[in-house]
Amino acid sequence: MTLVRNGAVVADAWSDATYFTPESWTAARESGRAAKGSHALTLGPDDGVEALGPDAACFGLIAIAFPSFTDGRPYTAARLLRERYGYTGELRATGQVLRDQLFFMVRCGFDTFEVTDAEAFAQAMREISVVYQPAADGRTGALWRRRAA
């Protein structure tokens, strides 16, 4: 798989990292092996981010799997991590990541995508430049920019 971030193909800085699951993270935290920002976590659609909560800051990368293009739970997980828990690290979409849904994934807070056709995804990242409402990606809506001017 190829990684796309901000419209460009990038190398996987986490390729040698140890990935935790929520269950293995709980064991690591209890044994004292938890340091802020130095770990990677994989979340499935059934893994609730509410249990992770304040521990989100311990991860430099959280990869959330899309098991199918019809499953919307990863969108909710991304928004919760960014907006409720203040997660600022890399948020990666894996699995069934489709070009047509890329814009919505970005708006929910994903910033890196595991894809098969990197050029199509890089182009898709540049296609929509105006948004209308605030979201987890922090972009100012067109109406608010117009009012401010």
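To the nearest 0.5 angstrom, Leu41 atom CG is 9.5 Å from Asp55 atom CG. To the nearest 0.5 Å, atoms CD (Gln101) and CZ (Phe113) are separated by 11.0 Å. The structure places CG of Asp117 at 8.5 Å from CZ of Arg99, a figure rounded to the nearest 0.5 Å. One finds the CZ atom of Arg92 at 4.0 Å from the CG atom of Asp12 (value rounded to the nearest 0.5 Å). Note that the CG atom of Asn6 and the OG1 atom of Thr112 stand 7.5 Å from one another [nearest 0.5 Å]. Note that CH2 of Trp25 is 15.0 Å distant from CG of Asp47, once rounded to the nearest 0.5 Å.
Between Pro74 and Phe66, the shortest heavy-atom distance links the atoms CB-CZ, 3.4 Å. The minimum heavy-atom distance linking Leu91 with Gly109 is given by the pair CD2-O, 3.6 Å. What you find for Gly89 and Asp111 is that their closest heavy atoms are O-OD2, 3.9 Å. Heavy atoms only, all atoms of each residue included: Thr94 and Ala65 are closest at OG1-CA, 3.3 Å. Nearest heavy atoms, Pro45 versus Pro67: CG-CG, 3.5 Å. The two atoms that bring Ala40 and Trp14 nearest to each other are CB-CE3, 3.9 Å, heavy atoms only.
No single ILVMFWY cluster, assembled from side-chain heavy atoms under 4.5 Å apart, contains both Phe110 and Leu3. Hydrophobic clustering (ILVMFWY, side-chain heavy atoms < 4.5 Å, transitive): Leu43 and Phe104 are in one cluster. One hydrophobic cluster holds both Ile62 and Met105 under the rule that ILVMFWY side chains link at heavy-atom gaps under 4.5 Å.
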Under the criterion side chain to side chain contact (heavy atoms under 4.5 Å, CB included), I'd like the reasoning laid out for Tyr87 against Leu80: C-alpha separation, chi angles, the key distance, then a yes or no.
CA-CA 9 Å; Tyr87 181 69; Leu80 286 172; over 6 Å; no
Determine, stepwise, if the pair Arg73 / Asp46 fulfils side chain to side chain contact (heavy atoms under 4.5 Å, CB included).
CA-CA 8 Å; Arg73 294 175 290 175; Asp46 294 329; 2.5 Å; yes
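A 4.5 Å side-chain heavy-atom check between Tyr85 and Leu52 finds every atom pair outside the cut-off. For the pair Leu81 and Ile64, the minimum side-chain heavy-atom distance is below 4.5 Å.
Arg5 places no side-chain N or O within 3.5 Å of a backbone atom of Val10 that could act as its donor or acceptor partner.
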